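Everything on this sheet refers to the single structure shown next.
Per chain, numbering begins at 1; letters A, B, ... match sequence-line order. All values below come from the heavy atoms of this structure, side chains included, with hydrogens, waters and symmetry mates left out. Note that this is a predicted model, so its numbers are computed, not measured.
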Protein chains: 2
Amino acid sequence: MKTKTLGDSHSLEQIRQRFVEAAGHVTQSLGAGRVIGQVYAYLYFSRKPQSLDDLTKVLEISKGSASMSVRQLEQWGALRQVWIKGDRKDYYEALDSFGKILRKALLDLIGRRMEVGDGLLEQVEGLLEEKGTSTQPTQEDLEFVQKKIALIRAFRDRTQRIWDSSILTLLLK
Amino acid sequence: MKTKTLGDSHSLEQIRQRFVEAAGHVTQSLGAGRVIGQVYAYLYFSRKPQSLDDLTKVLEISKGSASMSVRQLEQWGALRQVWIKGDRKDYYEALDSFGKILRKALLDLIGRRMEVGDGLLEQVEGLLEEKGTSTQPTQEDLEFVQKKIALIRAFRDRTQRIWDSSILTLLLK
DNA sequence: TGCTACGTTCAATACGAATTGAACGCATTA
DNA sequence: TAATGCGTTCAATTCGTATTGAACGTAGCA
C-alpha cells in the first residue's frame, strides 16, 4: 500500500502531489490552514469521491483535521457530500466554481480579520463632531487630525468602490 | 512624562491610539507584522518627525523592532528620513501616497508568498506534453488531469487580468 | 440492548513567525 | 584616541494559531 488513487501512473500521481503541496501553501498564506488547500486539491484531482479516512491516510493528517477542513470547505461551497449506499462513511467530491468558492472564502477570511478596524473611521468622525464645538483641544491640533482623517477616508472610499465592483462581481461570473 | 505628542488633548491622543491599534491589526492580517502598521500610523498622526527612540517609548517596542519596521516602511515608500541638524538621531515622517504604498507593500508581501506555486501550471503542462506521446499512463487518466488543469488555467488567466488591470493600476493613481 | 464504526469537538500540543535584546560596528565629539 | 550615542543585526525567545488526538455522541447492525 504505497501509492493509491488515480491509476498507477507515477507522473500523474506526481502532478497531483505537486498541486496538493502548492494549494497548501496558497491557503496557508491566505490565513486558512495548510490542510484546507491540501484537502481541496486532493479531492479536485480525484476521480471518485473520497472519505475522511482516505484523506487522513493520503495527506497524513489527523481525523480531526480532516473533519474540520471538510466542513470549512463545504461552507465555502467547495465540496459536495456524496452518499454511497451500503457504506457508512461520508464521501466528498470537489466542486469547481472557483470564482464562487474564492469569493466566499475571501469574504469569510477577511471578515474574520477586519472586525477591529471596521467602523473606526465613522466612530472617530463622530468623536470629532462632538469636539468640534468644545474648545478643549487646540484649534491647530483639531484641524491637523481632521485633515489627516479626511485623507484616509478619501482613500478608503475609493478603494472600497474598486474592491466592490471589480473583484467580487468579476469573481462571481 | 505620561502622555507625549500631539498637544495635550486627551481625545485627540485617544484617536491616534485607536488608529495605531487598528493599523496594527490591518498589517498583521496582511502578513506583515503588527508593529509595521503601528509605526506608520503613529508617524502619520505626528506633527513632527519622530526618532527611533520615540517609537520604542510610545509604542513600547524594542529598538530592533523599531529599526526593522522603519526600514521596511522606507522600502515601501511610506516614510521619509529627516535630518535635524545638531541631532545625531534619525528622524522619520510618514508620507501619504496610500496608493503607491499599498501597491508596493502588497506586491512585496504577495511575491514573498507565491514563489512556491508560481510557474507550477507551466511546469505541469510541460510534463503533460512529454507524457502525451508516451503511453505509460492510461489514456483516461491523462485526459482527466488535462481537463482539470485546463480549468485551473482558465481561471488563473482570468483573475490574473482582473488583478493586473483593476487593482494595481487603480491603486497607483 | 449492546456493539461497532464512524464523525465531531475541544483542550493540549506543536509549530512557525514576530519580536526581543545583547553584541556589534560606525559615526561624532572631546 | 578614547568615549559616547546612535542604528543594525541575528540568535534566542515569545506568542499566536494550526493541528492533533483522546473522549464523546450517534447511527446502523446483530
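At least one donor-acceptor pair under 3.5 Å links the side chain of B:Thr56 to the backbone N or O of B:Asp53. The closest donor-acceptor contact from the side chain of B:Ser51 to the backbone of B:Asp54 lies under 3.5 Å.
Toward the 5' end of DNA chain D, the nearer of the two residues B:Asp53 and A:Gly64, judged by each one's closest nucleotide, is B:Asp53. Residue whose closest nucleotide on DNA chain C sits further toward the 5' end, between A:Tyr91 and B:Arg88: A:Tyr91. Between B:Gly86 and B:Ala32, it is B:Ala32 whose nearest contact on DNA chain C lies nearer the 5' terminus.
The pair B:Arg153-B:Asp157 meets the salt-bridge criterion, since a charged nitrogen lies less than 4.0 angstrom from a carboxylate oxygen. Looking at A:Glu13 and A:Arg16, a side-chain N of the basic residue comes within less than 4.0 Å of a carboxylate O on the acidic one, giving a salt bridge.
Classification of the B:Phe19-B:Phe45 ring pair by plane angle, with boundaries at 30° and 60°, yields tilted.
Of the candidate nucleotides D:dG7, C:dT9, D:dT20, C:dT9 has the atom nearest to the side chain of A:Arg71. The nucleotide whose nearest atom lies closest to any side-chain atom of A:Asp90 is, among D:dT4, C:dG7, D:dG28, C:dG7. Listed nucleotides C:dG7, C:dT19, D:dC6 differ in distance to B:Ser65; the shortest reach to its side chain belongs to C:dT19. Checking D:dG21, D:dT8, C:dT8 against every side-chain atom of A:Lys63, the shortest atom distance belongs to C:dT8.
D:dT8 atom P lies 13 Å from atom CG of B:Leu73, rounded to whole Å. The interatomic distance linking B:Leu109 (CG) with C:dA17 (C1') rounds to 14 Å, in whole Å. Taking atom CE of residue B:Met68 and atom C1' of nucleotide C:dG21, one finds them 12 Å apart after rounding to whole Å. Distance, A:Gln28 CD to C:dA17 C1': 10 Å, rounded to whole Å. In this structure, A:Gln72 atom CD and C:dG7 atom P are separated by 18 Å, rounded to whole Å.
Counting any heavy atom pair closer than 4.0 Å across all strands shown, B:Glu60 reaches sugar-phosphate atoms only and no base atom. Looking at heavy-atom distances under 4.0 Å, B:Val70 makes no contact with the nucleic acid at all. As judged by a 4.0 angstrom heavy-atom cut-off over every strand, A:Gly24 is placed among residues making no nucleic acid contact.
OP1 or OP2 of C:dT8 has at least one side-chain nitrogen or oxygen of A:Ser67 nearer than 4.0 Å. The side chain of A:Arg34 places an N or O atom within less than 4.0 Å of a non-bridging phosphate oxygen (OP1 or OP2) of D:dT19.
If you check distances only, the side chain of A:Lys89 never reaches the base of C:dG7 with a donor-acceptor pair under 3.5 Å.
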